[in-house]
Amino acid sequence: MTKPAERSAARLAAVQALYQMDLSGKSVVDALAEFEAFWIGREVEGIEFQPSDNDFFRNILSGVVNNQRDIDVRIDKALAAGWPLKRIEAVLRAILRAGCYELMFRKDVPVRVVITEYVDVTHGFYSEDEPGLVNAVLDSLAREVRAGELERKAAGQTKR
């Protein structure tokens with residue numbers, strides 16, 4: 001499996017673990033242990049969970065938990081008035097938190113990769129307006145926390 005595919009699998013696993021933690025109240029240590037021991041790279045109830053970049057998975061999961069207050073404030077600002085993060089469905093919350101974490105703290109991952117990857121994860125769970133919501137929120141966050149990267153990219157495209 002290629003590195004990008006392993007990172008994609010790590011993002012999906014992180015979203016699933018964040019969702020599970022949100023619903024069950026599990027700690028990050030318990031979620032990490034469970035996913036690495038029983039889910040990642042295994043077949044469970046007929047569903048095959050792809051091998052992932054476990055270091056990347058750990059980084060996203062731990063990073064979201066350790067920075068959740070700052071992440072949630074940023075997401076709340078990006079959401080429409082009257083729709084705070086706590087009103088958003090749990091899977092969408094997990095997707096937005098993981099994407100926001102990468103935008104804020106994983107500067108080694110390009111903005112467009114982060115947005116595309118989490119929109120793809122969203123398509124795995126939803127078929128209505130949710131992928132558009134994730135795209136809009138992450139794009140708004142990227143313009144706030146990594147505006148320079150988006151400006152450089154746009155300038156490079158104009159020069160062609």
Consider only side-chain heavy atoms of I, L, V, M, F, W and Y, link residues closer than 4.5 Å, and tell whether Val15 and Leu23 are in one cluster.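 Val15 clusters together with Leu23.
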Are Leu103 and Val113 grouped together when hydrophobic residues (ILVMFWY) are joined by side-chain heavy atoms under 4.5 angstrom apart?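 Yes, Leu103 connects to Val113 through the hydrophobic network.
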Nearest heavy atoms of [X] and [Y], plus distance in Å:
{"X": "Ala14", "Y": "Ile60", "answer": "CB-CG2, 3.6 Å"}
{"X": "Glu117", "Y": "Ser8", "answer": "OE1-OG, 2.6 Å"}
{"X": "Val91", "Y": "Glu89", "answer": "N-OE1, 3.1 Å"}
{"X": "Gly99", "Y": "Val114", "answer": "O-CG1, 3.6 Å"}
{"X": "Ala31", "Y": "Leu61", "answer": "CB-CD2, 4.1 Å"}
{"X": "Ala142", "Y": "Val111", "answer": "CB-CG1, 3.5 Å"}

With a 4.5 Å cut-off on side-chain heavy atoms, are [Y] and [X] touching?
{"X": "Arg106", "Y": "Phe56", "result": "yes"}
{"X": "Phe57", "Y": "Arg11", "result": "no"}
{"X": "Met21", "Y": "Val65", "result": "yes"}
{"X": "Glu102", "Y": "Tyr118", "result": "yes"}
{"X": "Lys86", "Y": "Asp72", "result": "no"}
{"X": "Phe125", "Y": "Glu130", "result": "no"}
{"X": "Arg58", "Y": "Glu36", "result": "yes"}
{"X": "Val109", "Y": "Arg7", "result": "yes"}

Rounded at 0.5 Å granularity, tell me how far [atom1] in [X] sits from [atom2] in [Y].
{"X": "Leu79", "Y": "Leu96", "atom1": "CG", "atom2": "CG", "result": "6.5 Å"}
{"X": "Ile95", "Y": "Cys100", "atom1": "CD1", "atom2": "SG", "result": "13.5 Å"}
{"X": "Leu133", "Y": "Ile88", "atom1": "CG", "atom2": "CD1", "result": "6.0 Å"}
{"X": "Asp129", "Y": "Asn135", "atom1": "CG", "atom2": "CG", "result": "12.5 Å"}
{"X": "Asn66", "Y": "Tyr101", "atom1": "CG", "atom2": "OH", "result": "8.5 Å"}
{"X": "Gln16", "Y": "Leu12", "atom1": "CD", "atom2": "CG", "result": "4.0 Å"}

Chi angles and distances behind the side chain to side chain contact (heavy atoms under 4.5 Å, CB included) call for Asp30, Ser27: CA-CA 5 Å; Asp30 290 341; Ser27 72; 3.4 Å; yes
Using a strict threshold of under 4.0 Å (side-chain N to carboxylate O), is an ion pair present between Asp139 and Arg143? yes
Does Arg87, at its CZ atom, have more than 12 non-hydrogen atoms belonging to other residues, nucleotides or ligands within less than 6.0 Å?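 Yes, enclosed.
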Look at the side chain of Asn67 and the backbone N and O of Gly63, then say whether any donor-acceptor pair between them is shorter than 3.5 Å. yes
Side-chain donor/acceptor of Arg97 to backbone N/O of Val64, under 3.5 Å: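 Answer holds: no.
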Is there a side chain to side chain contact (heavy atoms under 4.5 Å, CB included) between Val73 and Asp70? Walk through the geometry before answering. CA-CA 5 Å; Val73 167; Asp70 293 334; 5.8 Å; no
Would Asp55 and Asn59 count as a side chain to side chain contact (heavy atoms under 4.5 Å, CB included) if you check the C-alpha gap in whole Å, the side-chain angles of each, and the deciding distance to 0.1 Å? CA-CA 6 Å; Asp55 290 336; Asn59 180 267; over 6 Å; no
Should Ser52 and Asn54 be marked as a side chain to side chain donor-acceptor pair (under 3.5 Å) after you check the CA-CA gap, both sets of side-chain angles, and the distance that decides it? CA-CA 6 Å; Ser52 79; Asn54 284 348; 3.1 Å; yes
